[in-house]
Novice: 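Below you will find the structure I want to go over with you.
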Amino acid sequence: MLEWLRVKLYETFHVFFRHFNFPCTLGLRRIGNPDDRSPVFLSGNYTLTVHRLLKVLAPFDCYLLVANSKGSNVWCAAGMNEYNEYDVIDAINVSNLKDMVAGRRIIAPPYAAPGIDVEEVTRQTGFKLAWGPTHLDDIPDYIRANYRRTSEMTLAQFGFIDRMEQALSTALVYCMTLFPVAFFYPQYALISMGLIFLLHLTWFAFWDVLPEERHWAKTLTHLAASWTALGGVALYTQMPMAELALWAVTLAVIVLLISLDGCGSSTIFKTTPKRWLKKGDYRSHFEPIIDPVKCTSCYDCLYVCPKGVLARLPKGPAVSVRPDQCIECLACVKACQDDAFYNTSQEWKGDVKSIADLENIMTRDWHHLDDETRWIGAPIKFQGQTLVVDQTEMTPDGAQRAVTRKKRRPTPRISEVPNASVSD
């Protein structure tokens, strides 16, 4: 009982303080009784992630290679170039992994893809990185399926538990900024802290119920509900107008902070506050398009895309089919060894630091690829572990007719596409 309570308190602490770096020990962990044929999983040295990986992997005989991500999660560390191929190479060499396992494959987290040059890892160590599930909870099913991902395992997830943890940790950060106010206005500060937690929890708890953020729809709905609740409290307590105005402004500020934080606080949206203020949505600046002449059909970009933005032609190169779903993680750009990606929007967020000459890639002229826009909105399906343009669903006029048809009826979500295969 005491051990269970200790573990729960440990996890609770790290959930609340997940925005802070907590590094753990680097090196190779043995889980169960692994031998030279046991699988090897890769992680950063973010304490909470390693703790959870050890729990998820406990039923299996395997190795966990913990490389240096500077105590941060791999998603953030990879984008900031604090978790790259050299950190992985160092971890492999220092652990003497070559002498311990016969295989030369390491299962890596897809969220590390924006920072790791997998070709360089292979050149220097002989090990190949295979991308596992995006969510560590899927690892047991991934192992039982002979290390093959389902279509759902390839896509970014933001489930209820993930959202609640995000709500608690972000709310705590904002509450900490109010500590100085508590010395002068303790009642106002304490109530405001409670409202910060309440509004964060409602925002993320009702994420799927609130409307999609288009023209500030999610934000305005959240604010309207908050003001309505405040009005009810004001009537019940006969709150003075001055106090009512103060709390109305406080609620508006909190909702605004939550919405601005939503520009980059999840794995399914990433944009800039500037775009949100201007457009009222969470769409990415980056709108990828692929040069079919440069593309060598390796499809590495498809394996790392967590949003189903890219697909391949049945016989031919990769194409961009859902650029409006992009979250600008730039894993595809990092994975492409052929410099085949262009940006049709000519804008970018600029928070990914791991790609050389990024400004040139984002701003170079792409209009010689105008014809490639015909694939946008084309019907797609999963084939194996990658998305494929379903040309059997296209009209004889080609993909452009498919685009027009898709505008007249909602495009099914990727998760609704029939799964044709099972394969971090």
Side-chain angles (χ1 to χ4, degrees), residues 26-29 34-45 53 57 62-70 74-75 77-134 139 142-143 146-149 153-154 290 294-306 310 312 317-318 329-341 352-358 361 384-386 423-424:
L26 304 175
L28 191 66
R29 313 283 182 93
D35 56 28
D36 62 343
R37 297 190 178 277
S38 297
V40 181
F41 290 85
L42 176 68
S43 173
N45 70 325
L53 277 171
L57 293 171
C62 59
Y63 296 97
L64 178 62
L65 182 64
V66 181
N68 189 7
S69 62
K70 318 304 184 288
V74 295
W75 176 251
M80 292 300 294
N81 203 25
E82 294 179 342
Y83 189 67
N84 56 41
E85 57 272 14
Y86 300 108
D87 294 301
V88 178
I89 292 167
D90 286 345
I92 293 171
N93 291 336
V94 171
S95 65
N96 294 316
L97 192 60
K98 286 182 179 179
D99 300 328
M100 302 182 67
V101 296
R104 288 296 179 264
R105 186 180 77 156
I106 298 175
I107 301 164
Y111 288 135
I116 298 176
D117 184 338
V118 295
E119 298 292 335
E120 186 65 22
V121 173
T122 302
R123 279 194 292 270
Q124 293 204 31
T125 68
F127 282 88
K128 292 184 177 181
L129 298 187
W131 304 112
T134 55
I139 289 177
Y142 168 74
I143 294 174
N146 197 27
Y147 308 99
R148 294 182 63 81
R149 300 188 294 181
M153 291 179 188
T154 68
I290 301 173
K294 290 185 175 183
C295 178
T296 57
S297 302
C298 68
Y299 306 132
D300 286 345
C301 56
L302 273 67
Y303 289 108
V304 297
C305 179
L310 312 172
R312 63 180 176 86
C329 68
L330 302 186
C332 57
V333 178
K334 183 71 174 182
C336 183
Q337 300 288 319
D338 306 303
D339 192 31
F341 278 87
V352 175
K353 312 297 183 184
S354 59
I355 300 172
D357 200 23
L358 183 59
I361 294 172
Q385 299 178 57
T386 60
S423 154
D424 165 279

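Heavy atoms only: backbone and side chains are in, while hydrogens, waters and symmetry mates are out.
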Novice: I'd like to check Ile92 versus Val121 (side-chain heavy atoms, cut-off strictly below 4.5 Å). Are they in contact?
Specialist: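 Yes. Closest side-chain heavy atoms under 4.5 Å.
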Novice: Can a donor-acceptor pair be found, under 3.5 Å and without considering hydrogens, that links the side chain of Arg104 to the backbone of Val101?
Specialist: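 Judged by distance alone, yes, a pair lies under 3.5 Å.
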Novice: Quick one: pull up CH2 in Trp75 and OG in Ser69 and give me the separation to the nearest 0.5 Å.
Specialist: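 So the CH2 of Trp75 and the OG of Ser69 are separated by 15.0 Å.
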Novice: Rounded to the nearest 0.5 Å, how far does CD of Glu85 lie from CZ of Arg123?
Specialist: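 It comes to 9.0 Å.
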Novice: Looking at every heavy atom in both Ala112 and Ala78, which two are closest together, and how far apart are they?
Specialist: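 Scanning both residues, the minimum pair turns out to be O-CB, 3.6 Å.
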Novice: So, do Asp90 and Asn68 sit near enough that their side-chain heavy atoms are less than 4.5 Å apart?
Specialist: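 Not touching, per the 4.5 Å side-chain cut-off.
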Novice: Taking C-beta and beyond as the side chain, do Asn84 and Ser354 meet within less than 4.5 Å on heavy atoms?
Specialist: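 Asn84 does not reach Ser354 side chain to side chain.
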Novice: Under a 4.5 Å cut-off applied to non-hydrogen side-chain atoms, are Pro114 and Cys329 in contact?
Specialist: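 Yes - at least one pair of side-chain heavy atoms lies under 4.5 Å apart.
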Novice: Test your reading of the model: is there a side-chain donor-acceptor pair from Tyr83 to the backbone of Ser43, 3.5 Å cut-off?
Specialist: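 Yes; at least one donor-acceptor contact below 3.5 Å.
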Novice: With a 6.0 Å cut-off (strictly less than), is the heavy-atom count around NZ of Lys128, excluding the residue itself, greater than 12?
Specialist: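 No, the 6.0 Å shell around NZ holds no more than 12 heavy atoms from other groups.
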Novice: Could you measure the distance from the SG atom of Cys62 to the CG atom of Asp35? Nearest 0.5 Å is fine.
Specialist: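 Interatomic distance, Cys62 SG to Asp35 CG, rounded to 0.5 Å: 11.0 Å.
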Novice: Taking the six-membered ring for Trp, are Tyr63 and Phe41 ring centroids under 6.0 Å apart?
Specialist: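 Aromatic pair excluded; centres sit 6.0 Å or further apart.
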Novice: Return the set of residues passing salt bridge (Lys or Arg N to Asp or Glu O under 4.0 Å) with Asp338 (not counting sequence neighbours), or none when no residue passes.
Specialist: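 Partners of Asp338 by the salt bridge (Lys or Arg N to Asp or Glu O under 4.0 Å) criterion come out as none, since no residue qualifies.
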Novice: Hey, is Lys334 close enough to Asp117 for a salt bridge, meaning N to O under 4.0 Å?
Specialist: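 Salt bridge: no.
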Novice: Please round to the nearest 0.5 Å and tell me the distance separating atom OH of Tyr86 and atom CD of Glu120.
Specialist: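 Between Tyr86 OH and Glu120 CD, I get 4.5 Å after rounding to 0.5 Å.
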Novice: Provide the closest heavy-atom pair for Trp131 versus Tyr142 in the form atom of the first, atom of the second, distance.
Specialist: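 Between these two residues, the closest heavy atoms are O-OH, 4.3 Å.
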Novice: Indicate the atoms forming the closest heavy-atom contact of Ser95 with Leu65, along with that distance.
Specialist: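 Distance-wise, the nearest heavy atoms are OG-CD1, 3.7 Å.
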Novice: Side chains of Tyr299 and Pro317: does their closest heavy-atom pair fall under 4.5 Å?
Specialist: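 Result no, sub-4.5 Å side-chain heavy-atom pair not found.
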Novice: Measure the spacing between CG of Leu302 and OG1 of Thr154 and express it to the nearest 0.5 Å.
Specialist: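 That separation rounds to 9.5 Å.
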Novice: Given side chains that start at C-beta, do those of Thr122 and Phe127 come closer than 4.5 Å, heavy atoms only?
Specialist: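 Of all side-chain heavy-atom pairs linking Phe127 with Thr122, none is under 4.5 Å.
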Novice: To the nearest 0.5 Å, what is the distance between CG on Asp36 and CE on Met100?
Specialist: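 It comes to 10.0 Å.
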Novice: Tell me, with the steps shown, if Thr386 and Leu310 meet side-chain contact (heavy atoms from CB on, under 4.5 Å).
Specialist: CA-CA 9 Å; Thr386 60; Leu310 312 172; over 6 Å; no
Novice: For the residue pair Leu42 and Ala67, what are the closest heavy atoms and their distance?
Specialist: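 Where Leu42 meets Ala67 most closely, the heavy atoms are CD1-CB, 4.1 Å.
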Novice: Mind listing the closest non-hydrogen atom pair of Ala356 and Ile361 along with its distance?
Specialist: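 Closest heavy-atom pair between Ala356 and Ile361: O-CD1, 4.1 Å.
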Novice: A side-chain contact here means heavy atoms from C-beta on lying under 4.5 Å apart; do Asp300 and Val304 qualify?
Specialist: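 No. Closest side-chain heavy atoms not under 4.5 Å.
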Novice: Which residues satisfy the salt bridge (Lys or Arg N to Asp or Glu O under 4.0 Å) test with Lys98, sequence neighbours excluded?
Specialist: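 Counting only residues at least two positions away or on another chain, Lys98 forms no salt bridge (Lys or Arg N to Asp or Glu O under 4.0 Å).
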Novice: On a heavy-atom basis, which atom in Arg105 and which in Ile107 lie closest, and how many Å separate them?
Specialist: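 For Arg105 versus Ile107, the nearest heavy atoms are NH2-CD1, 4.1 Å.
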Novice: If you apply the rule side-chain contact (heavy atoms from CB on, under 4.5 Å), what do you find for Ile139 with Leu53, and how did you get there?
Specialist: CA-CA 9 Å; Ile139 289 177; Leu53 277 171; 3.6 Å; yes
Novice: Taking the side chain as every heavy atom from C-beta outward, state whether Asp87 and Lys70 have any atom pair closer than 4.5 Å.
Specialist: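 They are in contact (side-chain heavy atoms under 4.5 Å apart), so the answer is yes.
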Novice: side-chain contact (heavy atoms from CB on, under 4.5 Å) for Thr125 and Leu97? Distances and angles first, verdict last.
Specialist: CA-CA 10 Å; Thr125 68; Leu97 192 60; over 6 Å; no
